[in-house]
Amino acid sequence: LVSWTAMIAGYADLGQGNVALGFFEQMLAKGLCPDSVTFVSGLKACCSVASLSHGQALHMDIIQEGFEGVSYVANSLMDLYVKWGHLQEACDIFNELSNRDTISWTVLINGYVNNGFLEEALLSYNQMQSNDVSPNSVTMVSALRACGSLGDPNKGHQIHLEVIMDGFETDPLVSSSLVEMYAKLGFPKEAEDTYLENQSEDPSMFNALVLGYIEQGLEKEAFDFVKLEAKYLD
RNA sequence: CAGCUAUGUA
């Protein structure tokens, strides 16, 4: 069973969901009974092949086998529905889940953001904290993106402080999301400060800053900044 | 101590 699951997960990772699902079928044909890890890998395969119907079939099997209440599995199911824009389905699963972990909340928040429900995303972010579930760096990226798209600098700054409190600013994805958000909201100064405070080898934050300048019509600043950074490379 | 779910920009 572990070998089959490894094959399914491996192909799903490569974006070869159809191959992965083929292995899933073969495994069932051998009379093997999937466990939670196998189901999650199968769901991931459904995402990469963009097949809602296969995912729904797996959902039925998951209920049959009683894995529905396992947060690890439920999170993956939620993600499937979120990616299809079926937020109601995702919410139903979330609401019936008794053990909501960080990932459950993050999938929900990210689902709201990706589908344009920005206020709901931030509301869920607050609710998550009321329920004493700690956000992680992935949660922060989604929350920051919600602030940026919503145009809410106050919330954005508040979340920035929380990011610092939890030490997530060292994550390149988080710091570049911060820079991006400030740039989008029209705070080039804050964007630059964030950049200067979190220098790293990762180029994404630099790119975010330059693109931000350009989007704000600050082409000269963008150019000067690139020149300045280029000097350090000599 | 086998297989393991969620994140941005372009």
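What you see is a predicted model, and the numbers here were worked out from it, not measured in a lab. In what follows, every heavy atom counts, from backbone to side chain, and hydrogens, waters and symmetry copies are set aside. Throughout, protein chains are lettered first and strands after them, A, B, ... in sequence-line order, and every chain is numbered starting at 1.
For the pair Ser175(A) (side chain) and Pro172(A) (backbone), a donor-acceptor distance under 3.5 Å is present. Although no hydrogens or angles enter the test, the distance criterion places a donor-acceptor pair under 3.5 Å between the side chain of Asn198(A) and the main chain of Thr194(A).
Relative ring orientation between Tyr182(A) and Phe187(A) is described as perpendicular, the plane-to-plane angle rising above 60° on a 0-90° scale split at 30° and 60°. Between Phe23(A) and Tyr11(A), the two ring planes are parallel [angle under 30°; tilted spans 30° to 60°]. Using cut-offs of 30° and 60° on the angle between ring planes, the pair Trp105(A) and Phe94(A) is perpendicular.
Within 4.0 Å of Ser3(A), counting heavy atoms only, lies no atom of the nucleic acid at all.
Among pairs with a residue in residues 33-44 of chain A, those fulfilling side-chain hydrogen bond (donor to acceptor under 3.5 Å, both in side chains) read Thr5(A)-Thr38(A), Asp13(A)-Lys44(A), Asp35(A)-Thr38(A), at least two apart in sequence or across chains.
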B/S/- along nucleotides 4-10 of chain B (protein heavy atoms under 4.0 Å) is BBBBBS-
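Taking every heavy atom of residues 15-28 of chain A and every atom of RNA chain B, no pair lies under 4.0 Å.
Nearest approach of Ser104(A) to Asn75(A), heavy atoms of both residues: OG-OD1, 2.7 Å. Contact between Leu144(A) and Ser177(A) at its shortest, heavy atoms only, is CD1-CB, 4.1 Å.
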